[in-house]
Amino acid sequence: MQNHKLTLKQNSWMQGLLMTLVVTSGLLLFALFCFLIWFSLPVFFTETTSVFSLKWQPEQGHFGILAMVFGTLLLAFISTSVAFIIAMGLNSFCLLSRRRWLVTLLRTLLRFMAAIPTVVYGLAALFLLLPLLRNGLQLGSGYSLFAAVCMLILLILPVICVMLDNITAPLWQQYALGAQALGFSPEQIYMQVILPHCRVNIGGAVLLGFNRAIGDTMLPLMLAGNATQLPSGVFDAIRSLTAHIALVIATDQGSEAYNSLFAAGMLLLMCSACICLLSRYLMGLQRLGQPE
Amino acid sequence: MSDKVRDFEDVVGYLEDVSIRFSDKTILRDVNLQLLKGQLHMLTGPSGCGKTTLLRALNRLNDCFDRHEMSGSISLKLSEGEVDVHLLAHKHLPLLRRKVGMVFQIPNLLPGSIIDNLLLPLKVVAGLDLAHATARCENVLVRVKLWNEVKDRLNNDASSLSGGQQQRLCLARTLALEPEILLLDEPTASLDPENTKVIEELLESLKQQYTMVMVSHSPAQTVRLADKVFRLDGQQVIGA
Amino acid sequence: MSDKVRDFEDVVGYLEDVSIRFSDKTILRDVNLQLLKGQLHMLTGPSGCGKTTLLRALNRLNDCFDRHEMSGSISLKLSEGEVDVHLLAHKHLPLLRRKVGMVFQIPNLLPGSIIDNLLLPLKVVAGLDLAHATARCENVLVRVKLWNEVKDRLNNDASSLSGGQQQRLCLARTLALEPEILLLDEPTASLDPENTKVIEELLESLKQQYTMVMVSHSPAQTVRLADKVFRLDGQQVIGA
Amino acid sequence: MSRLIGYWGRLCALFIIGIMLTLIGFILFKGLPTLELSLFFGDTAPLAAMMGLQPVWEGIWPACVGTLTVVLCSVSLASVPGVASGIWLASAPDKPAQKVFGLAVDILAGIPSILMGLFGFSLILLLRGSFFPQANASLLLASFCLALLILPYIACATQNALSSLPKQLSVTGAALGMTQWQVTYRLLLPQASSGIMSGLMLAIGRAAEDTAVIMLTGAVANAGLPGGLLQRFEALPFTIFYYSAQYQSQQELNMAFGAALVLLTVTSIIFTLLAAVSRRRNRNIFGSANSRKRNIYVR
Amino acid sequence: DELSPFDEMSGQLNIAGGTAHIPVMKRAARQIMGHNPDIRITIAGGGSGVGVQQVAKGLVDIGNTGRALKNKEMNLGLNSFAFAIDGVAVIIHPDNPVNDLSQQQIIEIYQGQITNWRELGGQDRQIHLFSRDEASGTRSVFSKKLLKGAQLAANANIVPSNGAMKTAVSQDSGAIGYSSVGYIDEMVKAPTYNHIMPTQEACASGEYPVVRRLYMNTKGAPEELTQAFIDYIYSKQGAKHIQASGYIALDAKP
Ligand SMILES: Nc1ncnc2c1ncn2[C@@H]1O[C@H](COP(=O)(O)OP(=O)(O)OP(=O)(O)O)[C@@H](O)[C@H]1O
Ligand SMILES: Nc1ncnc2c1ncn2[C@@H]1O[C@H](COP(=O)(O)OP(=O)(O)OP(=O)(O)O)[C@@H](O)[C@H]1O
Ligand SMILES: [Mg+2]
Ligand SMILES: [Mg+2]
Ligand SMILES: O=P([O-])([O-])[O-]
């Protein structure tokens with residue numbers, strides 16, 4: 001009994017600590033949030049409606065960033081969907097393959113990939129992929145949507161894969177035996193039992209990857225060419241919003257070019273907020289459709 | 001395969017010198033058994049003696065565990081012909097396990113609702129369309145006497161069922177797949193006498209259709225149901 | 001609390017008008033029971049009638065499930081004095097559950113090795129040091145007659161135990177915590193007759209120490225063990 | 001359909017392993033020959049450079065130290081509050097407070113790093129303009145911004161890892177008389193530790209590689225060894241970016257490859273250490289080391 | 001000698017801004033820090049815009065620009081110190097046979113009207129346009145003095161620094177870009193502009209028209225260390241560094 005009281009006391013102490021930490025981080029995040037919104041607000045109150053146009057020609061007084069918005073979305077959508085399809089394959093391989101050493105190798109490789117810095121991908125692409133596109137395949141200067149997408153896929157693949165693995169591995173352990181006894185093949189267990197059961201979590205993993213793809217700065221900056229045009233094909237150069245911010249933050253404060261930066265920032269923030277809300281909404285739908 | 005065994009027309013399975021080891025511990029040593037067509041074979045023995053392991057050997061489910069070794073030979077006569085279970089390649093195992101259905105000692109639910117638990121294997125493994133599958137679901141639920149208890153909550157989570165209900169659901173699920181050999185691991189352990197009786201009658205009626213291997217701890221049940229009794233003890237089958 | 005009940009010195013628990021609903025489905029309605037000190041109360045009834053639910057009401061474990069409602073009052077006399085279980089604040093529940101130990105129908109192992117399953121609760125909940133905890137582990141394992149089967153593989157994964165072994169392990173785990181009231185949900189369901197006898201003898205010997213509420217489907221076992229039999233049916237207790 | 005996923009999985013695995021071997025091989029091929037003392041220290045005497053007695057030019061030593069420092073600072077700032085927030089979020093996901101906080105964390109986990117850089121930059125301007133005129137872009141600011149960047153990341157990973165555990169586990173814990181805290185700490189956390197660890201690793205990787213944040217908050221092309229928390233610093237990713245985009249000579253390009261190789265090595269060492277530590281931890285809590293690897297519940 | 005003023009000093013000097021200046025600043029910093037390790041000089045690029053912005057906010061001590069301050073920037077209380085003359089010239093890949101480009105040709109190229117090197121007497125190869133970011137002093141000079149305000153084609157690739165421009169062009173045989181004359185070496189080739197070779201001498205003499213000065217800017221009067229640094233840049237050794245970086249030193253303060 002004495003002991004129990006003791007542990008209880010210790011618990012409340014620990015819980016206090018926990019709550020302090022949570023409140024601190026909550027306040028910090030809240031401050032960050034307000035800050036970002038506060039800095040993006042001027043976009044609404046200055047008459048820079050020209051920000052929402054396709055033309056970016058600072059010397060001529062056109063400061064439209066829609067081309068960048070389009071470029072960003074294109075970049076993120078293509079790379080996330082390809083990465084997701086590959087990630088599914090890798091995930092199934094990790095669970096199903098009987099060459100366990102290969103699986104261990106792959107898992108290690110994926111976790112290692114998560115640690116590979118973006119700039120290293122950028123560097124490798126500058127001297128491997130771009131020359132190939134430029135000289136080998138004669139596809140323009142090489143700086144293109146395609147190059148950035150290729151490297152972005154490698155960048156977000158480990159993020160999606162590791163998340164998928166964390167989600168599906170325990171489920172596999174829980175259900176594999178029983179389902180196999182019913183005559184399911186391992187592939188069927190993966191496709192029909194595991195995947196449908198964790199659709200929501202998979203959605204979360206994909207959204208995380210999407211966020212990462214939308215938010216990456218260095219790869220588009222180094223590889224996508226930063227041209228302010230609407231691309232007509234994957235081998236055209238584009239500029240992403242993030243690269244735009246990195247390039248434009250250097251301009252003098254207060255200029256219209258500089259203000260477009262906050263519009264870009266706000267759009268990015270809205271993007272990640274919308275994605276998040278969308279995913280929550282989807283989750284809610286699923287929960288409703290599936291009475292307990 | 002010894003010739004004297006082959007002669008019997010109604011032998012559908014024989015195990016010869018089957019030894020099973022888990023992590024270097026011998027669980028079963030040189031087990032020899034014959035399974036006869038349309039009979040219910042009862043496995044008994046003290047807890048932890050290897051009954052479940054023996055059942056799992058028949059559909060190669062032991063392969064799912066690490067550090068498992070098996071020697072000896074197991075043959076089953078299925079509609080496909082005679083199958084050397086111990087030699088089967090990995091890709092044929094799903095079919096084997098479908099033909100040799102197993103009901104676990106501890107109910108093993110699939111994720112999802114009650115009806116999902118029945119429909120999913122029917123759709124995926126048996127390849128039935130929804131209408132046929134649904135009809136079959138109702139049929140088996142009635143047969144295990146679960147229909148009345150769950151008919152108005154088929155879409156509820158299966159894990160909210162009581163222990164005995166879960167056990168009957170798992171039995172129903174295996175029956176729905178219409179295997180050729182049934183492995184039953186204490187299917188009535190957590191059922192009350194009344195339900196036990198229902199299940200026993202069901203099993204009795206299934207004898208024409210299936211060859212069954214069943215584990216039970218109840219001597220009374222053994223007497224009531226068994227055509228043949230194997231007693232496992234000390235890693236061996238006594239009195240086959 | 002009605003006065004006539006309070007008079008009995010040896011009443012350690014009473015349930016009054018207990019009704020329990022899961023997702024708007026009534027499972028138990030107006031159950032009235034008294035638990036007597038040092039007696040074994042046997043709960044019987046058809047599968048799915050609410051026996052497990054009633055046991056879980058006694059240690060408020062139903063609270064762990066979604067969409068659960070309970071009305072009525074439950075009081076237990078514990079060493080701390082009389083406790084109004086239905087009114088207990090959330091923070092007191094761990095203590096209640098320690099005092100009212102429960103063994104599940106489906107063995108609920110903790111992750112990790114066999115010995116972890118015993119040591120972890122002893123260390124965390126009872127706050128014992130390693131030496132004391134280990135001694136107690138061996139003691140309880142011997143009492144449930146599992147010691148010989150597991151003594152050379154205590155560090156193996158607990159999930160590699162057979163069904164019956166898992167059940168005895170869970171019983172041992174609860175006994176090791178030395179509760180005051182024991183809730184046993186079919187503790188011998190997957191045990192062979194011999195082991196069942198051992199456990200029954202153990203329970204018999206525990207009667208002096210604990211008040212027990214047990215679920216069993218075996219009429220024979222009920223006759224052998226029960227001091228008092230409650231039959232649950234149609235959401236009510238018949239013949240208290 | 002189901003069969004296809006098997007082939008597809010094998011294809012992807014081979015593809016990825018092939019690609020990564022090519023990439024890493026390329027970096028090794030280009031970077032290994034440059035791995036000499038002069039890569040790190042230029043023409044400064046190594047010992048003097050390490051002690052910080054003499055400034056290093058044309059060497060990546062200051063950038064190595066800078067990166068290690070900034071990663072260490074940001075991870076130690078973010079990991080504990082991050083994990084704590086994750087635990088709290090998982091403890092009662094349906095309460096309003098948790099819902100709001102969870103939403104904020106989710107949104108912020110997806111925030112582009114360049115925005116975080118922008119935040120840091122604006123923060124300094126704000127601080128200078130108000131009550132702390134001495135504030136300047138510095139190592140501390142960069143670490144703080146990085147910490148903010150990875151905190152939601154860690155919180156999300158922790159919450160996911162905890163909430164994806166089977167419910168049976170916490171019911172068992174409760175039935176044994178454990179408090180909610182004990183259930184979380186002694187049962188759930190050890191089970192979720194590998195998930196949390198991998199989240200932490202992703203976060204560390206993110207902090208180590210991030211260029212956009214530090215570019216705006218204190219990383220510069222030339223600074224020498226970090227002079228203190230309140231001074232500007234060099235960092236490997238920035239160095240790589242800088243030299244790969246604007247090398248003026250073969251030697252500078254080699255430095256970029258050398259730095260890339262070093263950065264790869266550093267991050268993989270951190271990872272290996274972390275993995276080893278987490279394996280040790282598992283063994284301590286549960287007697288056997290392999291208990292968790294294959295935890296098929298025999299049913 | 002010229003380094004002796006730094007003997008007794010210590011502290012940090014932050015420099016940021018124009019990327020054309022970086023070679024000069026690095027050489028000077030290296031000498032000074034080698035002489036007195038107590039002094040810590042940090043150098044960041046970013047472009048001329050960053051230089052103005054950060055020095056005006058007091059984030060750095062010296063902000064470099066590759067162009068004169070704009071009117072709006074004059075009001076920020078900045079002191080400008082011009083220390084070198086530099087030209088801005090078109091650069092192409094060394095293997096490109098085109099040797100001369102007229103102003104009109106360059107304008108049409110950058111407007112996207114000429115898209116193939118064949119039209120300029122080169123090989124049949126697409127022209128890959130490279131330009132600088134909006135904050136660049138080099139870009140503003142190029143755009144004002146050479147393009148005469150013509151509109152830049154939208155498909156031009158943008159690179160963030162002089163160095164990046166040079167490396168990008170040096171790798172792509174179809175590329176055309178522009179950079180500070182100081183950056184031109186054997187990695188890239190500068191075709192003659194209206195038949196004038198863009199050398200620093202031509203820039204200094206006024207023969208080559210697209211020129212600018214390189215400035216250091218401080219907020220208000222420079223402090224001790226900053227002043228010493230500026231003095232050092234104006235010294236003989238400083239002139240040597242400027243020369244070595246490919247620029248023509250200016251010796252008098254404006
Ligand atoms: N995967 C495994 N790894 C190691 N040992 C195992 C494994 N599975 C079972 N065992 C051991 O093999 C022995 C036989 O187990 P089995 O499950 O076959 O027993 P059983 O006869 O079914 O007992 P019960 O009646 O209790 O269910 C037990 O001692 C068990 O601990
Ligand atoms: N969490 C829950 N949500 C909804 N319904 C539940 C829940 N738990 C139990 N039930 C339902 O309540 C009824 C009683 O369940 P309980 O587990 O108490 O039965 P039982 O008497 O223990 O049966 P058995 O002998 O089969 O174990 C069952 O019909 C069950 O489906
Ligand atoms: Mg068994
Ligand atoms: Mg029950
Ligand atoms: O010198 P820049 O301003 O063009 O970088």
Side-chain angles (χ1 to χ4, degrees), chain A residues 11 14-15 18 21-22 24-26 28-29 32-33 35-36 39 86 89-90 92-93 96 106 109 111-120 123-124 126 128 159 162 166-167 170 173-174 176-178 185 187-188 190-191 211 214-215 217-218 222 242 245-246 249 265 268-269 272-273 275-276, chain D residues 2-3 5-6 8-13 16-17 20 23 26-27 80-81 84-85 87-88 101 104 106-108 110-115 118-119 122 148 151-152 161 164 166 179 181 195 198 201-202 205 208-209 211-212 216 237 240-241 244-245 256 260 263-264 267-268 271 295-297 299:
Chain A
N11 290 340
M14 293 282 245
Q15 257 157 348
L18 184 87
L21 287 170
V22 170
T24 319
S25 31
L28 272 177
L29 295 182
L32 173 63
F33 219 57
F35 214 89
L36 287 172
F39 267 91
I86 298 180
L90 291 178
S92 70
F93 184 82
L96 307 182
L106 191 63
L109 182 71
R111 281 179 165 68
F112 176 70
M113 274 172 80
I116 296 184
T118 341
V119 279
V120 174
L123 179 68
L126 275 182
L128 268 182
V159 177
V162 170
N166 284 345
I167 296 162
Q173 291 184 345
Q174 197 175 348
L177 189 69
S185 70
E187 288 84 13
Q188 285 171 333
Y190 181 71
M191 294 294 285
N211 266 332
I214 257 193
T217 312
M218 299 322 280
M222 289 170 89
T242 46
I245 295 180
I249 196 168
L268 280 174
L269 189 65
S272 78
I275 290 169
C276 177
Chain D
S2 295
R3 179 84 54 81
I5 190 81
W8 177 242
R10 258 167 270 175
L11 195 72
C12 288
I16 277 304
I17 291 177
M20 288 319 291
L23 270 182
F26 178 70
I27 299 285
V80 179
S85 307
I87 293 175
W88 184 68
F101 190 62
D106 270 10
I107 292 180
L108 291 171
I111 217 165
S113 56
I114 188 91
L115 274 192
L118 196 58
F119 164 72
S122 314
L148 273 185
L151 193 149
S164 63
T179 61
W181 171 251
S198 60
M201 284 188 178
L202 288 183
E209 63 142 40
T211 320
L216 299 182
I240 298 170
F241 167 63
S244 64
L263 184 51
L264 265 187
T267 39
S268 41
F271 268 46
N295 200 4
I296 296 180
Y297 296 100
R299 308 201 141 205

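Here is the naming used below: chain letters follow the sequence lines, and residue numbers restart at 1 for every chain.
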> Given D:Ile16 and A:Met113, is the side-chain contact (heavy atoms from CB on, under 4.5 Å) satisfied, shown in steps?
Replying inline: CA-CA 10 Å; D:Ile16 277 304; A:Met113 274 172 80; 4.3 Å; yes

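The residue among A:Leu28, A:Ile86, A:Thr24 with the most heavy atom pairs within less than 4.5 Å of chain D is A:Ile86. Between chain A and the residues D:Pro237, D:Ser85, D:Ser122, the most heavy-atom pairs under 4.5 angstrom are made by D:Ser122. Contacts with chain D were tallied for A:Ile245, A:Val159, A:Ile214; A:Ile245 has the most, counting heavy-atom pairs under 4.5 Å. For the set A:Thr242, A:Leu106, A:Thr118, the count of heavy-atom pairs under 4.5 angstrom toward chain D peaks at A:Thr118.
Every residue meeting the side-chain contact (heavy atoms from CB on, under 4.5 Å) condition with D:Pro81, not counting sequence neighbours, appears here in chain and number order: A:Leu21, A:Ser25, D:Leu151. Residues forming a side-chain contact (heavy atoms from CB on, under 4.5 Å) with D:Ala212 (at least two apart in sequence, or on another chain): A:Thr217, D:Ser113, D:Ile114, D:Asp210.
Between D:Cys12 and A:Gly89, the shortest heavy-atom contact is SG-CA, 4.1 Å. Across D:Leu264 and A:Phe112, no two heavy atoms sit closer than the pair CD2-CZ, 3.9 Å. Of all heavy-atom pairs spanning D:Ala84 and A:Val22, the tightest one is O-CG2, 3.6 Å. Across A:Leu123 and D:Ala260, no two heavy atoms sit closer than the pair CD2-CB, 3.6 Å.
Looking at D:Leu23 and A:Val120, their side chains never come closer than 4.5 Å, going by heavy atoms from C-beta outward. Using a 4.5 Å heavy-atom cutoff, the side chains of A:Ile116 and D:Met20 are in contact.
Interface residue D:Phe101: only side-chain heavy atoms are found under 4.5 Å from chain A. Using a 4.5 Å cut-off between heavy atoms, D:Ala104 does not touch chain A at all. For A:Ile167, no part lies under 4.5 angstrom from a heavy atom of chain D. When heavy atoms are compared at a cutoff of 4.5 Å, D:Ala161 does not approach chain A at all. Proximity to chain A is absent for every atom of D:Leu11, based on heavy atoms less than 4.5 angstrom apart. D:Leu115 touches chain A through backbone and side chain together, each having a heavy atom under 4.5 Å away.
One distance of note links CG of A:Leu126 with CD1 of D:Ile240; it measures 12.0 Å at 0.5 Å rounding. The CD1 atom of D:Ile17 sits 6.5 Å away from the CZ atom of A:Phe93 when rounded to the nearest 0.5 Å.
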